[in-house]
Amino acid sequence: MPSEMMYAQAMATAITEEMTRDSNVIFYGQNLGMTDRDPLVRKFGKSRVRITPISETAEMGIAVGAAMTGLRPVVELWMSEFMLVAMGQLLNEAPRLRYMSGGQIKVPLVFKAGYGFAAGWAGQHSNCIYHTMMGIPGLKVALPSTPADAKGLMAASIRDDNPVMYLHHYMTMLGKGPVPDGDYVIPFGVADVKRPGSDVTLVATGWMVTKSLAAAETLAKEGISVEVIDPRTIAPLDVDTIVNSVKKTGRLVLVDQAPRHASVAAIIAGEVAERGFHHLKAPVKMVTALDTSIPYSEPLEKYVLPSEEKIVWAVKSVLGK
Amino acid sequence: MPKKMPKNNKKALGKERLIWMYTQMLRIREFEERVKRTFVEHPGVIRGHTHLADGAEASIVGALATRNENDLAMPSYRCHGYPIVLGTSVKKMMAEIYGRKDGLCQGFGGSMHLADPAHHFPGTSGIIGQAIAHATGAALTAQVKKTGQVIYCFFGDGASKQGAFYESLNMAAVWKLPIVYILENNQYQVYTRVELEDANAAAGDPLSRKAQAFSIPGVTVDGTDPLRVYDAVEKAVKRARAGLGPSLIESKFYRFSAHGNAITVPPVPTQFPEHEAIETYGRKAEYAAARARDPILLFRKKLKSKGVLSEPAAKQIEDSVRAELEQAVQFALASPFPSPEEATKYVYA
């Protein structure tokens, strides 16, 4: 039976369920479990739920060492840009140690953070930095867009034997939706067709899925059938589902909140150019953020980011309308 | 030759254990000598960058002689010495450094990334300071899972200026993690003399003063004497195992080899240059004085004067260590390379 719940609640449910299931799962971060009244502290104790100083390098590096030696740490990093402070641990330690050891060790951990906070957080707290991470062999990246995916991908991330960057979108946190009860694990590398269609393939992640579905609804009223695909994990990336959809529709629009050259869109465009070029009836169109930092003032911010209107326009343009 | 550390029942280190310690020091030295010689005898066999522990033998062995069977050692990229003491096969180690299939990591890691979790050596990072956080994480595992283990975290004077050092020691102190931080002050950070880059050293203070920033014990020991290192580390280990948290030990000794083999672009061959003291700073007397205080010579002298080690026994140990490492070199040279297509293995677990 599915329950109706918010995205944020779905993530928390998965963490609680996994901590209940496996005593090796620990959860820590800044401003977390600060008092004995904290529900997670009450349930799991202060040994497994910990508060940390503002020390991303140590928070993430300690997770690496703990994972190497038998724990499954989930680190709450709050905002994805905070991980940039500890880029070495994220990109050059966690995903490399297993490989360098010739497969002798594994590093099962989850770096959890929010991203894309398009609500006036300005230049350093609302970016999409996942593009860099999706190109690091050994690191997995999950970008859930719905409450059900938020739960299923968190469970999968915690159970995975590799380092996972789990990024939740701040603008979807309050969104409600049906979430399966009990054990619900979404496999990595399996895209989800959020809306079937026949005229244009539209690929989006995170909050852009919400916007793409709204655009698809608008376009349906004009008789245009859009298929919306959410890869859900960008490393590994399910290219097959996208190429198969392009075979059917012949048209591809890629929506991404990241700047153009640091977007998943650019990567998917490359994959489709190699594997699906002969199916395309029109050039691929990318709807991404402009190549700027994120500005503070609302009209400026809106101008920079993809919107429903921009998506509608892009779909029409690949249809020659 | 005793490979496994003999049990130590008495308060003082028994004869057997002292001989074992001396033997391990010799094995480290001979291993590093054979790595160094490989650059001359078999040019091109070792690729990339290699860092040696000659000069560190007393510090490494003195520290690790205090450990319980399940305690872990987690150093940085200058990592050859520790697994030798922990019981890792020197044949596999040499084969790894030669990039061979029979290597410890099947040729995926090389000199800077040795790992042997089966022998309490979970893995190493080649990036200075970063493994301090990993070792601290291993101590978190020991605390959460109540394993009773203590983690031995080794790093250099250079690493003690990394953010990972300060952040990790702070968290270990707050959480009272079972870890001992052993700062190996070998006087040179890569090519830079320590007083040019360390505030404590510049002020003429010991580097162990950094412990005060975390309100934990900090001591400086003579790292050329394994027994002094043993005493200091044993005290810190007891404290850690009792749940009282971390300590910082500055172990002072002198690195005898240059930071690493010369960085050259193929096909230009590489080998170990002169030590920076001579090559960069022109301090021949400093280097000669350090060599005169070679920890192996000092310890041999001490053991002989105590009547623990006889001349024939010393000769016998030397011969067997030499033979063991000769076999390791031959094993590594004879080992095949990994098949190229194996390169895609081990990306994901």
Side-chain angles (χ1 to χ4, degrees), chain A residues 23-26 28 45-48 50-73 75 85-86 88-89 91-109 136-140 160-163 188-189 235-236, chain B residues 72 74 96 103-110 112-118 121-127 129-147 149 151 153 162-172 174-175 177 338 342-349:
Chain A
S23 63
N24 289 323
V25 180
I26 60 166
Y28 65 75
K46 282 181 178 169
S47 179
R48 292 177 62 201
R50 294 182 183 228
I51 185 168
T52 67
I54 305 167
S55 299
E56 282 81 8
T57 298
E59 290 170 62
M60 297 169 75
I62 283 173
V64 171
M68 287 165 77
T69 48
L71 289 179
R72 291 181 175 274
V75 188
V85 175
Q89 292 293 344
L91 303 186
N92 211 22
E93 304 291 336
R96 310 251 193 247
L97 287 164
R98 171 182 171 75
Y99 190 80
M100 296 190 304
S101 77
Q104 293 182 88
I105 59 160
K106 55 184 186 182
V107 186
L109 59 80
I136 302 294
L139 188 63
K140 295 188 176 181
D160 201 278
D161 278 340
N162 299 284
F188 276 79
Chain B
L72 304 178
M74 297 182 73
E96 182 62 29
L104 199 54
C105 308
Q106 298 177 60
F108 282 72
M112 289 188 280
H113 306 299
L114 299 181
D116 187 8
F121 190 70
T124 44
S125 168
I127 307 296
Q130 300 312 301
I132 300 173
H134 304 166
T136 308
L140 176 61
T141 300
Q143 187 183 69
V144 170
K145 294 173 80 108
K146 298 188 174 73
T147 63
Q149 288 164 301
I151 313 305
C153 173
Q162 272 284 327
F165 169 82
Y166 293 92
E167 294 184 15
S168 298
L169 268 72
N170 180 65
M171 278 173 76
V174 171
W175 289 352
L177 295 180
E342 281 176 27
T344 55
K345 277 166 86 175
Y346 310 129
V347 176
Y348 292 104

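Within every chain, numbering begins at 1; the chains are lettered A, B, ... in the order of the sequence lines, protein sequences first and strands thereafter. Here the structure is a predicted model, which means the values were calculated and not measured.
Of the atoms belonging to B:D116, heavy atoms from both backbone and side chain fall under 4.5 Å from chain A. Contacts between B:M74 and chain A at a heavy-atom distance below 4.5 Å involve the side chain alone, from C-beta outward. When heavy atoms are compared at a cutoff of 4.5 Å, B:L114 does not approach chain A at all. In this structure, chain A has no heavy atom under 4.5 Å from any part of B:T147. For a residue to count as touching a neighbouring chain, one of its non-hydrogen atoms must lie under 4.5 Å from one of that chain's; by this rule A:L109 does not touch chain B. Contact annotation for B:K145: only side-chain heavy atoms (C-beta onward) come within less than 4.5 Å of a heavy atom of chain A. Heavy-atom distances place both the backbone and the side chain of B:Q130 under 4.5 Å from chain A.
Listed options B:M112, B:Q143, B:E96 were ranked by heavy-atom pairs under 4.5 angstrom with chain A; first place goes to B:Q143. Among the candidates B:P117, B:G109, B:S168, the residue making the largest number of heavy-atom pairs closer than 4.5 Å to chain A is B:P117. Contact count against chain B (heavy-atom pairs under 4.5 Å) is highest for A:E93 among A:E93, A:M68, A:E56. The residue among A:I105, A:V107, A:L97, A:L71 with the most heavy atom pairs within less than 4.5 Å of chain B is A:L71. Note on A:M100, A:M60, A:K106: by heavy-atom pairs under 4.5 Å with chain B, the leading option is A:M100. Between chain A and the residues B:Q149, B:Q106, B:E167, B:H113, the largest count of heavy-atom pairs under 4.5 Å involves B:E167.
Distance alone, capped at 3.5 Å, is enough to place a donor-acceptor pair between the A:Q104 side chain and the B:L104 backbone. Checked by atom type and distance alone, the side chain of A:R48 never pairs as donor or acceptor with a backbone atom of B:V144 at under 3.5 Å. For A:T57 (side chain) and A:A86 (main-chain N/O), no donor-acceptor pair under 3.5 Å exists by modelled atom type. A:S55 places no side-chain N or O within donor-acceptor distance of the main-chain N or O of A:A58, the cut-off being under 3.5 Å.
With a 4.5 Å cut-off on side-chain heavy atoms, B:T141 and B:I151 do not count as touching.
With sequence neighbours excluded, no residue forms a ring pair (Phe, Tyr, Trp, His ring centres under 6.0 Å) with B:Y348. With sequence neighbours excluded, the residues that form a side chain to side chain donor-acceptor pair (under 3.5 Å) with A:R96 are A:N92.
With respect to the salt-bridge test (charged N to carboxylate O, under 4.0 angstrom), the residues A:D161 and A:R72 qualify.
Residue-environment remark: NZ (A:K46) stays at or below the threshold of 12 foreign heavy atoms within 6.0 Å.
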